[in-house]
Amino acid sequence: MIRNLSALVAGIVFGLGLVISQMVNPAKVIAFLDIAGNWDPSLAFVMGGAVIVTFIGYRLVWSMKKPLLGETFQLPQKREIDAKIAIGAVLFGMGWGLVGLCPGPAIAALTFGGGKAVGFIAAMAIGMLAFELGSKALSRNRG
């Protein structure tokens, strides 16, 4: 129960941060990404803050033997960059640049009824399903 409650609080704080910083505003994000045009650098402060929080958070995690509310940390183990990661990063960046939304802000934008966010999440779900089905089909064909 306490784990779910803490996850809910963390999600609410994260979502509020996305809304307050305007990361849920596609026009603001596209203006930030448009460095050759009418560039709006204000989201650089959001990213800088995120880097600082992540830096401090990882230092705290690495200094602890186990999480406060769990038995083990769930940290990424994979260190190499393969084609799947590279292609996924390119697709993520293209999608973010085209519509000004990425998954977290799109979910947060649902709270105030963003029609664009609904379309984005539907497209994302279809893409995830297509990837899952394609991966299973490739695995079966390889034996």
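Numbering of residues begins at 1 and proceeds along the displayed sequence. This is a predicted model, so every value here is computed, not measured.
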J.: If you draw a 6.0 Å radius around CG in Asp82, do more than 12 non-hydrogen atoms from other residues or ligands fall strictly inside?
T.: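 Above 12, so yes.
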J.: Can you confirm whether Gln22 sits close enough to Phe32 that some side-chain heavy atom of one is under 4.5 Å from a side-chain heavy atom of the other?
T.: no
J.: Table please: side-chain donor-acceptor pairs of residues 103-121 below 3.5 Å, with sequence neighbours left out.
T.:
residue, atom, partner, partner atom, Å
Thr111, OG1, Ala108, O, 2.6
Lys116, NZ, Val99, O, 3.4

J.: Determine whether Ile126 and Phe92 fall in the same hydrophobic cluster, where Ile, Leu, Val, Met, Phe, Trp and Tyr are linked whenever their side-chain heavy atoms lie under 4.5 Å apart.
T.: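 No; Phe92 is not reachable from Ile126 via cluster members.
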J.: Please determine whether side-chain contact (heavy atoms from CB on, under 4.5 Å) holds for the pair Val51 and Met47, giving the CA-CA distance in whole Å, both sets of side-chain angles, and the decisive distance to 0.1 Å.
T.: CA-CA 6 Å; Val51 168; Met47 293 188 178; 5.5 Å; no
J.: How many angstroms lie between CZ in Arg59 and CD1 in Ile56, if you round to the nearest 0.5 Å?
T.: 10.0 Å
J.: Indicate yes or no for a side-chain donor-acceptor contact from Trp39 to the backbone of Leu33 under 3.5 Å, with no hydrogens or angles considered.
T.: no
J.: Are Val24 and Phe14 in one and the same hydrophobic cluster, where Ile, Leu, Val, Met, Phe, Trp and Tyr link if side-chain heavy atoms are under 4.5 Å apart?
T.: yes
J.: Counting only N and O atoms by type, is there a donor-acceptor contact under 3.5 Å from the side chain of Ser63 to the main-chain atoms of Leu60?
T.: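 Indeed, once roles are kept as given, a pair shorter than 3.5 Å links the two residues.
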J.: Given Lys28 and Ser42, is the side chain to side chain donor-acceptor pair (under 3.5 Å) satisfied, shown in steps?
T.: CA-CA 9 Å; Lys28 181 89 171 169; Ser42 60; 2.8 Å; yes
J.: If two hydrophobic side chains count as joined below 4.5 Å and joins carry through other members, does Phe73 share a cluster with Leu69?
T.: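 Per the 4.5 Å side-chain linkage, Phe73 and Leu69 are co-clustered.
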J.: For Leu5, is the CG atom crowded, meaning more than 12 foreign heavy atoms sit under 6.0 Å from it?
T.: yes
J.: At what distance, to the nearest 0.5 angstrom, does CD1 of Ile12 lie from CG of Leu16?
T.: 7.5 Å
J.: Inspect the surroundings of NZ in Lys136 and state if more than 12 heavy atoms from other residues, nucleotides or ligands are less than 6.0 Å away.
T.: no
J.: Would Ile35 end up clustered with Met23 when hydrophobic side chains under 4.5 Å apart are linked, directly or stepwise?
T.: yes
J.: So, for Ser6 and Arg3, which heavy atoms are closest and what is the spacing to 0.1 Å?
T.: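 Nearest heavy atoms, Ser6 then Arg3: OG-O, 2.9 Å.
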J.: Do Leu101 and Val29 touch side chain to side chain, with heavy atoms closer than 4.5 Å?
T.: no
J.: Could you check whether atom CE of Met64 has more than 12 heavy atoms from other residues, nucleotides or ligands sitting under 6.0 Å from it?
T.: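 Yes.
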J.: For the NZ atom on Lys84, are there more than 12 heavy atoms of other groups (residues, nucleotides or ligands in this structure) within a distance under 6.0 Å?
T.: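 For Lys84, atom NZ is not crowded (no more than 12 foreign heavy atoms under 6.0 Å).
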J.: Flag yes if Trp96 and Leu43 sit in one hydrophobic cluster, no otherwise; membership is Ile, Leu, Val, Met, Phe, Trp, Tyr, and two members link when side-chain heavy atoms are under 4.5 Å apart.
T.: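 Trp96 and Leu43: one cluster.
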